[in-house]
Amino acid sequence: MNRFVARRFVGSPFLSRVAWRSFCDVASAEKQKLSSDTDEYDVAIVGGGMVGLAVACSLASMPLTKHLSVAIIDSNPALLKGIIITKDDPPDPRVSTVTPATISIFKEIGAWKFVEQHRHAYFDKMQVWDYTGLGYTHYNARDVNKELLGCVVENKVLQSSLLSCIQVADFQKQIFSARLNSMNLNPCSSLSEKDITSTRYQGSFAELELSDGTCIRAKLVIGADGSKSNVRELAGFKTTGWAYAQNAIICTVEHTAENDCAWQRFLPSGPIALLPIGDNFSNIVWTMSPNESSERKDMTESDFINSVNHALNYGYGPHPKSISAGDGGLLSWLGKGVTSSGGEVFKVPPRVVKLASERMVFPLSLKHANTYISKRVALVGDAAHTVHPLAGQGVNLGFGDAYALSKVINEGIAVGSDIGQVSLLGRYEAQRKPANIAMIAILDGFQKAYSIDFGPLNILRATGFNVANYFSPLKQNIISYACGEQKLPHFM
Amino acid sequence: MASKLLKRTFHISTWSACPPRSARSLIAVAPSRFFSDSNSQPVPATAGSSPLPPGPPTTPNDAPSPSSVSRYGSKRKSESTHSSVKDPELAKFAAISDTWWDSEGPFKPLHLMNPTRLAFIRSTLCRHFGKDPYSVRPFEGLKIIDVGCGGGILSEPLARMGAAVTGIDAVDKNIKIARVHADLDPVTSNIEYSCMTAEKLVEEEREFDAVIALEVIEHVANPSEFCKSLSALTIAGGATVVSTINRSMRAYATAIVAAEYILHWLPKGTHQWSSFLTPEELVLIFNRASLSVKEMAGFVYNPLTGRWSLSDDISVNFIAFGTKDVQ
């Protein structure tokens, strides 16, 4: 950390004026400035959130991309100061359920060891049930011969871990505390009108103008600036999407003992999820209509806790009847298909005793960029696809993007490609788009299936739970997919 | 013949997949055909050419006198410097070069193919010259010539990989396009482009650590003489890389019947099957030119992924890496 700060603020009087203006570090001042009066970088990452930092981290971890010079553009001052988390800090209500696939990416890029220094909660059990009391499913990591189903980590922990990882990496980076104002992707296009010598070399750079007046140039601009992506807007990429007439309330709650299971119950107005986040804390993601959400946001803490406990226990309907092993009824013919956890009895989630954070309300929406790339631009994470938090998959898709893009760039450098060329970036899009669309379609399907409260459908849904609970191949597919494995469930 | 097309993995020749490069290398090598023919008549190769679709209209192959060679050579002025190109011309060619380098444009197949060829070149040259394959610029310190460089699609990546690159092509327009595009990026702006033939460079006694001629040899009248020129440009202990199309039935089916007659990727008659070389023949003419073939690989196109990959299958497209014997 100290080294990083020192590096950033070593002033040098003989730097060029722009370098001085942008507090350039010595390394980039030494960079050749052939024809420009602006700083040149190989990669500019717009957005220093979890996915943007994951891009930087994976670039820093690969043998060829670690030599790239990277600019990270984000107005969040915490990126410069460093994000300091102490053990006594209250948990961040914004958490992510990272899948085993994401964990292995984090391990590979060297960021997981930083996550492990902070609060995080692995879970290997998950119980999903329905308010009608007709069915439930108990997922266990053992069913797919895995040690865990995932890990719940606060977003600020993920972000600070990635930042620490970048800071210790031997990597030429520069953080600009500013927003992106404008982007010129083709500075060379009006060549005929300009003096040719002055535009020399510019065709291989995109020009970025930042809110503090700084101008930088980069061979590749990576848009990691979230669902309202400025990069996507400036690049002119269209999106497809719709808003659901639903909001999610997100908050942290406290129990009297540690929770070790992920719980999800489908209620008439939407699902409520209770995710373990370590210590005695859990995170709540509760989907409901906008009216209900504003009501629940404003009610007193004790009323809110009561309504949470109500929703996770007897509220809206009875407990599903536990089916003991060997008493599969209609489903007993499945025989060998019965999984080890199939016979596990229905459990009631641990009671919530205290609210540990503010209640935040987010509208649910879905948005997908029709294109992820063009010359010198690539979108990652929410900038390319925004999904609702139903299964906590959004950020996992983003981490998958970050890793895939870095890998493609690494392969491109190996064969001397221009890292901003469409034929190279197209490989990233070809890899990620089908995977992301499949996940979006599944989540949208879930959303539609569970946002309707209609008798016959409820029974069908519940039967689906019971079948899933007893039919191992189907269940294994669901778990594998939820764990971030590329393979699609067979029933798709 | 049609059943060949139904094979699961569909082989398309490098050549057929990239009309621009082929078109320019066809013209590019035309002068060398004249030069190298001075001693030997062009061999019409095998007699089996009668059932084949017609080949390209044959240029009258009157062997020019040595004086015409030098006269031709002297007429060509080097376009290797940025300053020698007029600015309005630059602006004009900048517009064209945008299309040439548009990876979604007509040259898409070539852009898709390029990384695969470069992967082979990277791995063989790194091993031969003892360079670090994990380096961003493994070819640092190597002088490489791209014979038949066209718009510079191979030259630029070689320069990014650290090589001091010379690109030659007999078509003036290609060289101008290559020049303008290379000047867009400081890393590639030091490529030396020249409207020139390999033979002319041999006369100038230029030498390179590695000589690369991709998809060129099948268009020269005398491949043997052409290889000797490549060899003469290679320093002792240096490397020569050549890629071409095999004279196999599969190559006939894919590179000629499919690419020219069915898919219309190429004008009919672009390729003459009889002038293709088999790998055995290439090894032989390499040997005669004091080059020993050390490695050979095939390129395979997968139409489902649209990607090319290296393979052991040399039945259609293949690339050979040879080293020049140290005398």
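Numbers restart at 1 for each chain; the letters A, B, ... are given by sequence-line order, proteins then strands.
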- Task: Please report the shortest heavy-atom distance between A/V415 and B/P115, naming the atom on each side.
- Result: CG1-O, 3.4 Å

- Message: Within the supplied structure, the quantity of interest is the number of heavy atoms (other residues, nucleotides, ligands) at a distance under 6.0 Å from B/D312 CG; does it exceed 12?
- Response: no

- Note on the structure: Rounding to 0.5 Å, atoms CD1 (A/I413) and CZ (B/R137) come to a distance of 12.0 Å

- Query: Nearest 0.5 Å, what's the CG-CG distance between B/L184 and A/D418?
  - Reply: 9.5 Å

- Where does B/S135 contact chain A at under 4.5 Å (heavy atoms): side chain, backbone, both or neither? backbone

- Query: So, the side chain of B/R122 versus the backbone of A/A414: is there a donor-acceptor pair under 3.5 Å, distance only?
  - Reply: yes

- Query: Which bit of A/K66 is near chain B, if near means a heavy-atom gap under 4.5 Å: side chain, backbone, both or neither?
  - Reply: neither

- Item | Atom CD of A/E233: over 12 foreign heavy atoms under 6.0 Å | no

- Item | Spacing of OG belonging to A/S417 relative to CE belonging to B/M161, to within rounding of 0.5 Å | 9.0 Å

